[in-house]
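Here's the structure we're looking at; comments come further down.
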Amino acid sequence: MIAFLVGTRPELIKIAPVVDALAARGAPLAIVHTGQHYSYQLDAIFFEELGLPKPAANLEVGSAPPAQQLGTIIIRAAEALAKLQPRWVLVQGDTNSVLGGALASLKLGLPVAHLEAGLRSDDWEMPEEANRVLAGRLAAMHLCPTEVQVERLRLEGIVRGVYLVGNTVVDAALKSAARARERSTVVERLGLSGKPYALVTLHRPSNVDSEERLRAVMRALLAVGERHGLALVFPAHPRTQATIARMADAKRFSEAPFILTEPVGYLDFLRLLADARLTLTDSGGVQEEACTLHVPCVTLRANTERPETVTVGANLLCDSTSPGDLEAAVDTMLARPRDWQNPFGDGRAGERVADLLLDPKVRRIPSGAP
Ligand code: UD1
Ligand code: UDP
């Protein structure tokens, strides 16, 4: 049996193609959910929309300071995984759930498959960088989206168990974008039919935890919206909502051109993205989806662990909160042709991963072991 140890919104989206491919092969599987995300709009809605099976266990870890959250994940994941004794534990990405799940598995002697392996921002101020690097050291199977990660792992001395599979975000986005076009009415509900808009998401601590920084970013966004005549559709993550709620001048960010909403489900999000003039984001997954759906992206960060998006011309980094700098980045992206090559694969990554997980010849001990 294959266990999926997951905890947050993007993990659910990116395991779905692997779950589907295993199910199509008749392979037994179980989802162990840490409960790091638990609000309906960040969690249950994705089970419904992606048709994921109900978790075999929900560890109900919830929100807590990082070290406590990680510790609780390790303890509870170890209990759940010990009962399941899976052939592989698959973790996806770089969250606290990933590191906690990988550590629990290691201590139980269970092999770890790391989906989306080898991404690096080299920015250790972001909590995800340590999670990625450490999970990578523990894993036996490294499932890389592109050659960039294969090469990075090689430079770090990880060569065994490294596979180039593509990114399952492509499988998920292509499959669900068609359903989103048929089923989602979000553009109409928000009164955006025929109107130009940009899709905004922000949730990185470096952008949203400080009131001053978030206000400066939102002022720059406001300037872009006014200059380009764009509405700014902003489904705000709870982390971001909490900071906006503390601002004395919060009201100006919930009025036009902003359309501030709760986080939306996957189908609504893909519909909003597909119809947007561009997206302004600090999300990893959104950079990849924008690249996949040929929507220009400006990433509101100083670095990205998805450099392929910049190389192919789909994405520009802008860490400046000066309205002029952000407007220049937006001008550049709006002027570019949208005909870049998608570096993240052909939409069959889930099938490749399923085949590797079921292959008896694949080594199941950490890559560093002799
Ligand atoms: C986490 C991941 C991040 C990932 C993101 C996906 C870590 C260190 N961070 O960040 O890598 O990009 O998920 O969205 O693992 N909250 C709710 N409802 C929920 C979950 C959280 O209201 O269902 C609120 C709580 O106030 C919580 C805050 O959001 O304190 C932050 O949640 P947390 O899971 O700690 O981190 P994210 O910012 O979601
Ligand atoms: N997403 C969504 N609704 C939203 C915002 C994002 O469904 O309101 C999806 C989006 O399609 C992408 C994923 O959530 O696949 C990205 O998650 P997030 O930005 O929270 O995390 P990251 O990718 O940065 O780890």
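As the structure lists them, so they are numbered: ligands from 1, and atoms in each ligand from 1. The first residue of the sequence shown is numbered 1, and numbering continues consecutively from there.
- No hydrogens or angles considered: a donor-acceptor pair under 3.5 Å links the side chains of His228 and Asp331.
- When hydrogens are left out, the protein atom nearest atom 19 (O) of ligand 2 is Ser283 OG, 2.7 Å; that is the closest non-hydrogen contact.
- The closest approach between a heavy atom of Asp43 and any atom of ligand 1 is not below 4.0 Å.
- When only modelled atom types and interatomic distance are considered, Thr201 and His237 share no side-chain donor-acceptor pair under 3.5 Å.
- Numbered from 1 in the order shown, with element, the atoms of ligand 2 that lie under 4.0 Å from a heavy atom of Gly285 read 22 (P), 23 (O).
- Rounding to the nearest 0.5 Å gives a distance of 6.0 Å between CG of Asn96 and CG of Leu70.
- With a 4.0 Å cut-off on non-hydrogen atoms, Leu42 touches ligand 1 through its side chain and not its backbone.
- Arg301 contributes a side-chain N or O that, together with a main-chain N or O of Asn303, makes up a donor-acceptor pair within less than 3.5 Å.
- The protein heavy-atom contact nearest to atom 17 (C) of ligand 1 is Tyr38 OH, 3.4 Å.
- Heavy-atom separations between Arg204 and ligand 2 include at least one value shorter than 4.0 Å.
- Salt-bridge annotation for Lys14 and Glu288: present, with a side-chain N of the basic residue lying under 4.0 Å from a carboxylate O of the acidic one.
- For ligand 2, the atoms closer than 4.0 angstrom to any heavy atom of Tyr266 are 7 (O), 11 (O).
- The pair Asp171-Arg348 does not meet the salt-bridge criterion, since no charged nitrogen lies less than 4.0 angstrom from a carboxylate oxygen.
- When the ring-ring contact (aromatic ring centres under 6.0 Å, His included) test is applied to Phe253, the partners found at least two apart in sequence or on another chain are Phe258.
- The line from NE2 of His33 to CD of Glu60 is 10.0 Å long, rounded to the nearest 0.5 Å.
- Contact atoms of ligand 2 toward Pro263: 8 (O) (distance under 4.0 Å to a heavy atom of the residue).
- Between Ser97 and ligand 1, not a single N/O pair is under 3.5 Å apart.
- Separating the CE atom in Met218 from the CG atom in Asn207 is a distance of 11.5 Å, to the nearest 0.5 Å.
- At least one N/O-N/O distance between Gly284 and ligand 2 falls below 3.5 Å.
- The proximity of Phe269 to ligand 2, defined as any non-hydrogen pair under 4.0 Å, is limited to the side chain.
- Ligand 2 has a nitrogen or oxygen under 3.5 angstrom from a nitrogen or oxygen of Arg9.
- Under 3.5 Å, the side chains of Thr311 and Glu308 contain no donor-acceptor pair of N or O atoms.
- Protein heavy atom nearest atom 8 (O) of ligand 2, with residue, atom name and distance: Val264 N, 3.0 Å.
- Ligand-side atoms of ligand 1 in range of Ser39: 17 (C), 18 (N), 19 (C), 22 (O), 23 (O), range being under 4.0 angstrom from any heavy atom.
- Donor-acceptor pairing under 3.5 Å is recorded for the side chains of Ser121 and Glu129.
- In terms of modelled atom types and a separation under 3.5 Å, the side chain of Thr279 and the main chain of Thr281 share no donor-acceptor contact.
- Protein heavy atom at the shortest distance from atom 31 (C) of ligand 1 is Arg239 NH1, 3.5 Å.
- In terms of protein heavy atoms, atom 4 (C) of ligand 1 is closest to His203 NE2, 3.8 Å.
- The protein heavy-atom contact nearest to atom 7 (C) of ligand 1 is Gln36 NE2, 3.6 Å.
- Note: no N/O pair closer than 3.5 Å links His237 and ligand 2 by distance alone.
- Residue Arg204 touches ligand 1 through its side chain alone, judged by heavy-atom distances below 4.0 Å.
- The 12-atom threshold is exceeded at CD of Glu255, counting heavy atoms of other residues, nucleotides or ligands nearer than 6.0 Å.
- Residue-level proximity to ligand 2 for Glu289 is carried by the side chain, the only part with a heavy atom below 4.0 angstrom.
- Contacts between Pro66 and ligand 1 below 4.0 angstrom, taking non-hydrogen atoms only, are absent altogether.
- With a 4.0 Å cut-off on non-hydrogen atoms, Glu128 touches ligand 1 through its side chain and not its backbone.
- Put simply, part of His237 is less than 4.0 Å from ligand 1, judged by heavy atoms.
- Within the set Ser63, Ser283, Pro65, Pro127, the minimum heavy-atom distance to atom 26 (O) of ligand 1 is found for Ser63.
- For Arg87, the CZ atom sits in a packed shell: over 12 heavy atoms of surrounding residues, nucleotides or ligands are nearer than 6.0 Å.
- Of all atoms in ligand 2, listed by their number and element, those nearer than 4.0 Å to a heavy atom of Ile13 are 9 (C), 13 (C), 14 (O), 15 (O).
- Among all non-hydrogen protein atoms, the one lying nearest atom 39 (O) of ligand 1 is His37 NE2, 2.7 Å.
- His37 contributes no side-chain N or O that, together with a main-chain N or O of Asp43, makes up a donor-acceptor pair within less than 3.5 Å.
- Here His203 has side-chain heavy atoms under 4.0 Å from ligand 2, and that is the only part of it that gets that close.
- Every N/O-N/O distance between Thr8 and ligand 1 stays at or above 3.5 Å.
- Within 6.0 Å of the CD atom in Glu48, the count of heavy atoms belonging to other residues, nucleotides or ligands exceeds 12.
- Residue Ala242 places every heavy atom at 4.0 Å or more from ligand 1.
- Near Gly265, the atoms of ligand 2 lying under 4.0 angstrom from a non-hydrogen atom of the residue are 7 (O).
- Residue Thr95 touches ligand 1 through backbone and side chain together, judged by heavy-atom distances below 4.0 Å.
- At distances below 3.5 Å, at least one donor-acceptor pair connects side-chain atoms of Tyr197 with backbone N or O atoms of Leu272.
- Across Pro238, Gly7, Ala130, Ala64, heavy-atom proximity to atom 24 (C) of ligand 1 is greatest for Pro238.
- Residue Arg213 places its CZ atom among more than 12 non-hydrogen atoms of other residues, nucleotides or ligands, all under 6.0 Å distant.
- Looking only at protein heavy atoms, the nearest one to atom 25 (O) of ligand 2 is Pro10 CG, 3.5 Å.
- For the residue pair Gln287/Thr304, the side-chain donor-acceptor check at 3.5 Å is satisfied.
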